[in-house]
Colleague: 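One structure follows; several queries about it will come next.
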Amino acid sequence: MRVPDFRRPGDADDTAAALRAMQQGSILYFPAGGGSAPDGAYRLNALPLRSDVTLYGDSDRSVLRTTPAAMAALSIVSKTSTDPLTRITIRNLRIEGLVASTGFREHWNLISVSGVDGLNIEGVQFVGFAGDGLYLGAEFGWPVRSPRIIRNVVVRDCLFDGVNNDNRNGISVTGGFGILIDQCRFVRCTRPNMPGPIDFEPDAFAFYRLENLRVTNCSFEQCGGNVGQIAVTVPAVASPPRSILIANNRFRTYRGTGGDIAVSINREPTAALPSMDCVIENNDGDGGYGGFQIFSAKGVTIRGNQWRNYASRSFLGFTLPDAGVSDVTVSDRFDHCGWREGIALALYKGTDVTLSNNLFTGTGNGRPGSAPLYLGKGRIRGLSVVANDWRNNPQAVGLVTVENGADYRPATTRIESNLLPPGGRLAL
């Protein structure tokens, strides 16, 4: 169905025409230049989609633009917690917000979703969002909330361009099962006091769940925020996320104060807590603030990543009561990391942490306390430091700075097969 064919005299914008087209068929075509705006853009005010519908256009020449009064261009909302909308496809469109003229508006998203099982978004440009580009909300209502299903979502080959870094996030997810974000590009997203380009973050309600999350083959440029470019942050009342893969992503020219990858479950892991089964691998970062920042987590494998020219440190655990890590392995490359703050990698609080086959080159800044590795004052038990290469760091830099906290047990630390510079030793 060609949406322009359903326009009627007196229509305020293109929302009514799209609704008429949807009543007649399941495939809506937005031909380039066919909208009611002077430049041919389609002006939409929270167009409500139904199940079994496809929207498509002529790539970036088919522009869907929010009206000044619209809190979204497209809206996907299920009526109850058990009847998600299904089988929705959005592809080859450019969706524009008005952030350049309105500035930041936290809940003014380009696509707002609250209840879906089967959503495919491919080849879509999200441009100039005042809130989020795409909001996947596993809830409905405020302040009283009821759960909504977010399941089987694919976002592939999309652009998220915030235009002026005066937005919330490129993608926000409050809950969901089976979410894939692949081959997407994030540019100029997120103002300084918002999380970051991709934010998996439930609110403080126990019904939220996050499971089977994949962020792969994406690139991030000139983005900001204060948590992470890819952030997984779960409140203590919700279950920890399960089955997470963050792989083969590229980070450049970060403007924020968080990490490229940040994880927090806001509780100290216990023996009874299940493993998160989180893998962070083969990512490539250059010129950021901190590579990974794992505040609290259990069951994380970090391997094959390259972090270069970072001002601050990557870190594991925090010394706060609601932080710390367990069952974590790191096998990465750190080149010229900690050039401003002096440390490449820090462990503040953790149990059963393995640092193996890491390569540290040119780390720190040569000042007192500078070192490739820092061990904080928190509870550290079962640390393994095995087969790491420490040889190519400034002579003025020590290999490890240890704070010797009251709950650090050096007797539980295993040190084997490390490559050291002449005269160097690991004093752990």
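Values below: every heavy atom of this structure, side chains too, minus hydrogens, waters and symmetry copies.
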Colleague: Give a yes or no on whether a salt bridge exists between Arg185 and Asp157, defined as a side-chain N under 4.0 angstrom from a carboxylate O.
Modeller: no
Colleague: For the pair Arg379 and Glu268, find out whether any cationic side-chain nitrogen is under 4.0 Å from an anionic carboxylate oxygen.
Modeller: no
Colleague: If the threshold is 4.0 Å, N to carboxylate O, is there a salt bridge linking Glu281 and Arg303?
Modeller: yes
Colleague: Using a strict threshold of under 4.0 Å (side-chain N to carboxylate O), is an ion pair present between Arg168 and Glu106?
Modeller: yes
Colleague: Kindly write out the residues that satisfy ring pair (Phe, Tyr, Trp, His ring centres under 6.0 Å) with Tyr29, not counting sequence neighbours, or none if the list is empty.
Modeller: Tyr56
Colleague: Using side chain to side chain contact (heavy atoms under 4.5 Å, CB included) as the criterion, point out the one residue from Leu383, Leu355, Ile294 that pairs with Leu347.
Modeller: Leu383
Colleague: Step by step, would you call Asp277 with Arg242 a salt bridge (charged side-chain N to carboxylate O under 4.0 Å, His left out)?
Modeller: CA-CA 6 Å; Asp277 187 21; Arg242 299 287 302 277; over 6 Å; no
Colleague: May I ask you to say whether Arg151 pairs ionically with Asp117, meaning some side-chain N is under 4.0 Å from a carboxylate O?
Modeller: yes
Colleague: Counting only pairs under 3.5 Å, give me each side-chain donor-acceptor contact of residues 313-325, with atom names and distances, residues two or more places apart or in other chains.
Modeller:
unit_1 : atom_1 : unit_2 : atom_2 : d
Arg313 : NH1    : Tyr348 : OH     : 3.2
Ser314 : OG     : Gly291 : N      : 3.3
Ser314 : OG     : Phe292 : N      : 3.2

Colleague: Scan Ile121, Leu213, Ile171 and name whichever one has a side chain to side chain contact (heavy atoms under 4.5 Å, CB included) with Ile181.
Modeller: Ile171
Colleague: Show your reasoning for whether side chain to side chain contact (heavy atoms under 4.5 Å, CB included) applies to Cys278 and Ile280.
Modeller: CA-CA 7 Å; Cys278 175; Ile280 300 169; 4.1 Å; yes
Colleague: Taking CZ in Arg250 as the centre, count heavy atoms belonging to other residues, nucleotides or ligands within less than 6.0 Å. Is the count above 12?
Modeller: no
Colleague: Could you point out which residue of Thr174, Val215, Asn169 forms a side chain to side chain contact (heavy atoms under 4.5 Å, CB included) with Phe200?
Modeller: Val215
Colleague: Stepwise, does the side chain to side chain donor-acceptor pair (under 3.5 Å) test hold for Asp332 with Trp307?
Modeller: CA-CA 8 Å; Asp332 279 356; Trp307 313 107; 2.9 Å; yes
